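Below is one structure, written out as structure tokens; comments come after it.
Order of the sequence lines fixes the chain letters, A, B, ..., with proteins taken first and strands second; residue numbering starts at 1 for each chain. None of the values given here were measured: they were computed from a predicted structure.
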Amino acid sequence: MIWKIALRNILKNSRRSLTTAFAIGIGGLAALLFGGFVTSIWFGVQTSMIQEQGNLQIYRNGYLDFGAADPDAYTIKNWDQVVARLAADPMLAEELTMITPRINMVGVAGNAETGNSKTFIGTGIVPAEIDQMRQWDGWQINQTTPATGLTGGSAEDVVIGVGMARMMGLCADLAVPDCQDPPVNEAANASAEQDFSSLVAGESELATTDPTALAPQLNVMAATSTGVPNIARVSVMSAQSQSVSAIDNAFVMMNFEEARTLLYGDSQEATALMLQVRTPATLEAVKTRVAEVIAAEGLDLSVYHFTEVDPTFNRIFGMFTFMFIVVSLVLSIVIVFTIVNTISMTVMERVKEIGTIRALGFRKGFVRALFLTESVLIGAIGAALALVSALILANVVNSAGIQWTPPSNATPLTVQLMVLDNPMFAIGVVTTLIVLAFLAALTPTFRAARFNIVESLQRA
Amino acid sequence: MNTVYAPETFEDGSTARHAPEPVLRFENVSRIYKMDRVEVPALQGVSGSIARAQSTFVTGPSGSGKSTLLNILGLLDRATSGTVDFLGEDVTQLSDKAAADFRSRHIGFVFQSFNLIPVLSVRENVEFPLLNHKMTARARRDRGAEYLEAVGLGDMMDRRPGEISGGQRQRVAIARALVSEPTLLIADEPTANLDSKTSRDIVTLMERVQREHSTSVLICTHDTDLIMPASRVINIIDGKTVQE
């Protein structure tokens with residue numbers, strides 16, 4: 001009977017009830033859409049980073065703490081044997097789709113033709129394996145990252161950042177859009193050329209460009225593990241934007257073998273091993289198993305989740321989560337005040353009814369239950385409106401193919417408002433709206449239950 | 001139809017109907033309202049009793065304290081002083097919950113302006129007080145229909161209060177007051193909003209109810225023409241009993 005009375009009173013005051021339900025619905029809609037966007041960030045940014053770095057990474061113990069100062073002291077020795085041991089484990093063989101090495105390096109790059117030179121931040125990867133990693137779509141969100149452009153090419157091929165191309169004066173040669181080569185400064189060039197020439201003095205064939213080369217060339221120089229400068233000539237295949245400007249201005253991605261030979265000669269060393277799991281659900285189990293294999297083999301290595309190595313994802317997700325909380329709080333306040341107003345008006349209109357109900361022998365609790373039920377029903381209607389409208393709007397937005405570039409990405413992601421992809425979130429929003437409706441109605445309903453019966457009955 | 005209050009048999013073989021035993025006694029009941037700093041006495045030491053299975057009329061001019069007395073006897077208000085004894089129990093100090101439960105079990109109310117719940121149908125209005133009793137929905141429905149039949153509204157069960165006349169609404173209110181089979185039916189100016197013919201019909205209905213259900217009926221009215229023969233009358237003027 002309480003539900004019947006509540007529902008009929010809602011229908012009786014349909015305009016007011018609908019207005020309140022709409023206010024709740026709009027609040028819920030905003031929360032669901034923004035939450036759907038945050039969910040898409042959770043999936044999308046993680047997918048991007050896993051495509052680039054793998055779910056797990058193995059480093060020599062101490063690398064993350066001290067490796068930046070002395071990277072050569074913290075390399076993984078005989079990385080190929082480590083990979084073989086991991087691949088030999090039945091569980092890892094089943095769950096891992098990729099184990100690939102990476103070398104992080106810094107050095108100096110120079111363009112013998114223009115005389116430009118600068119430091120670079122390099123990474124050595126196995127292009128075919130990285131391209132395969134970039135197809136990873138563990139959450140089935142249909143998100144892929146463009147290929148490196150190095151697969152199938154020569155070992156000397158490299159990709160550089162757009163900023164790096166600008167610094168090296170390769171914008172025109174690489175036909176990089178929105179990229180302008182620096183103005184020629186003959187005096188400075190002469191000096192820089194002199195400096196770099198002196199560095200490559202022992203490699204006289206590198207002092208001039210190869211006129212037969214099809215791609216622009218750079219000389220990259222880095223210190224070997226014994227501290228001896230080593231230099232190589234690489235062909236720049238393309239320039240690709242990097243997410244961080246400082247990286248973009250210095251980025252060089254080269255073949256793993258080229259980087260390894262440059263730094264370590266014949267020694268099979270790598271900075272890290274990147275591991276990609278087949279499905280995210282098995283990640284923790286895989287990580288545990290990798291740690292067990294490493295321990296069983298007595299290797300001086302540790303395995304990390306990619307977020308432990310690079311805090312970018314946690315920061316981005318934390319920032320959007322915080323924004324979501326703030327927005328939700330503001331929306332909650334609006335919703336609460338709307339409900340308080342509505343239920344207060346309903347109570348004031350039904351003072352006589354409250355007096356009658358009490359006179360008929362119903363306790364205060366019944367009066368409270370009556371109005372709380374009404375508020376909860378309005379909340380449920382609002383929540384239903386929010387859910388339906390969020391699904392419709394999300395569908396429209398998702399179909400529009402709007403793109404945005406998160407701070408961690410060089411390439412844009414398509415906006416996907418994942419309203420139902422995280423069912424617990426959608427259920428949470430709907431539940432929160434109903435609970436808010438309940439809580440907001442507490443004050444006016446408790447006040448209603450305390451009305452003096454005689455005075456209530458005397459109301460017109 | 002169930003008898004509300006079975007006639008009580010005494011040692012000499014008489015029943016309550018023949019030897020009216022008060023269901024309610026009130027002594028020295030006073031009610032003082034405080035308006036700002038001024039104390040306004042609405043009742044001043046009123047005493048009396050309500051006989052079992054009889055009709056009692058409370059009369060007096062407007063503002064004399066009739067409704068105040070009914071509110072106190074109906075456990076809707078508390079006396080400032082004095083005692084109210086209901087079925088042998090002092091009800092003046094009952095807690096809010098206990099008073100509500102007592103009203104639910106023993107008292108039915110008929111109000112001047114009917115006070116039906118507008119969103120409920122006529123039958124649902126009558127069933128409504130039974131929510132306080134442990135009854136199945138089916139039992140409530142049947143009992144509600146039974147009492148609506150008794151007040152002559154069996155063919156209007158599914159109508160809303162707004163779809164029936166004032167007299168019919170008051171009949172619904174009477175059915176609602178009786179459906180819990182109370183010991184005492186309290187009616188505060190039940191005919192004030194009705195025309196004279198309908199008023200007479202309502203009073204006749206209440207008289208019949210009192211007779212058929214052995215219910216004590218306490219009616220407050222300023223219209224002495226409505227007082228039924230053989231009824232007890234408590235006349236109040238300026239908050240004092242001047243005649244019983």
Side-chain angles (χ1 to χ4, degrees), chain A residues 1-18 342-343 345-375 377-378 381 445-460, chain B residues 31 33 42 67-72 74-78 95-121 123-133 135 137 140-141 144 160-162 173 176-180 182 186 188-189:
Chain A
M1 186 78 88
I2 283 186
W3 289 96
K4 198 181 282 183
I5 296 173
L7 187 61
R8 288 184 188 170
N9 272 305
I10 287 172
L11 294 174
K12 184 183 171 195
N13 300 306
S14 55
R15 186 179 293 179
R16 185 168 65 214
S17 304
L18 263 181
T342 299
I343 298 298
M345 285 175 72
T346 305
V347 164
M348 294 317 292
E349 284 173 2
R350 290 160 62 190
V351 172
K352 193 168 195 169
E353 184 180 318
I354 293 166
T356 305
I357 289 170
R358 296 278 288 126
L360 292 178
F362 289 90
R363 293 180 179 184
K364 290 176 179 175
F366 184 89
V367 174
R368 285 195 290 266
L370 195 61
F371 288 98
L372 285 173
T373 303
E374 201 166 316
S375 186
L377 266 178
I378 292 174
I381 293 168
T445 52
F446 269 74
R447 202 173 62 237
R450 285 198 301 270
F451 281 163
N452 179 287
I453 301 174
V454 173
E455 289 174 9
S456 300
L457 289 169
Q458 287 169 348
R459 285 286 183 96
Chain B
R31 182 68 170 97
Y33 293 106
S67 294
T68 303
L69 179 63
L70 257 63
N71 290 336
I72 291 170
L75 276 62
L76 302 178
D77 197 5
R78 286 178 190 275
S95 68
D96 188 81
K97 280 183 184 175
D101 293 345
F102 197 94
R103 285 195 301 273
S104 172
R105 286 198 311 275
H106 295 296
I107 306 173
F109 287 94
V110 175
F111 303 99
Q112 177 179 331
S113 48
F114 327 128
N115 292 22
L116 300 178
I117 297 174
V119 295
L120 295 181
S121 70
R123 187 183 54 222
E124 288 164 344
N125 262 287
V126 175
E127 285 178 44
F128 186 68
L130 298 177
L131 288 176
N132 257 339
H133 300 253
M135 294 177 76
R140 286 200 307 267
R141 192 181 170 90
R160 294 283 176 91
R176 181 180 65 180
L178 289 171
V179 77
S180 301
I186 293 179
D188 188 1
E189 302 279 7

Hey, what do you get for CD (Glu455(A)) to CG (Asn71(B)), rounding to the nearest 0.5 Å? 11.0 Å
Does any backbone or side-chain atom of Arg176(B) lie under 4.5 Å from a heavy atom of chain A? Answer side chain, backbone, both or neither. side chain
Does Arg358(A) offer a backbone N or O that forms a donor-acceptor pair with the side chain of Arg103(B) under 3.5 Å? yes
dist Asn132(B):CG -> Leu360(A):CG (nearest 0.5 Å) comes out at 8.5 Å
Evaluate the criterion side chain to side chain contact (heavy atoms under 4.5 Å, CB included) for residue pair Ile117(B) and Thr356(A); output intermediate values, then yes/no. CA-CA 9 Å; Ile117(B) 297 174; Thr356(A) 305; 5.7 Å; no
Quick one: which of Lys364(A), Arg363(A), Lys4(A) has the most heavy-atom pairs under 4.5 Å with chain B, could you say? Arg363(A)
Most contacts with chain A, counted as non-hydrogen pairs under 4.5 angstrom, among Ile107(B), Leu120(B), Leu116(B), Thr68(B): Leu120(B)
Whether Phe128(B) and Phe366(A) hold their rings parallel, tilted or perpendicular, with breakpoints at 30° and 60°: perpendicular
Is a side-chain donor or acceptor of Asn115(B) paired with a backbone partner of Leu457(A) at a separation under 3.5 angstrom? no
Which distance, rounded to the nearest 0.5 Å, do you find between the CD of Gln112(B) and the CD of Gln458(A)? 10.5 Å
Find out whether Pro118(B) and Arg8(A) are in side-chain contact, i.e. whether some heavy atom of one side chain is under 4.5 Å from a heavy atom of the other. no
Count the heavy-atom pairs under 4.5 Å between each of Ile186(B), Asp96(B), Asp188(B) and chain A, then report the option with the highest count. Asp96(B)
Flag if over 12 foreign heavy atoms under 6.0 Å of CZ, Arg78(B): yes
Which one wins on heavy-atom pair count under 4.5 Å against chain B: Asn452(A), Val454(A), Ile357(A)? Val454(A)
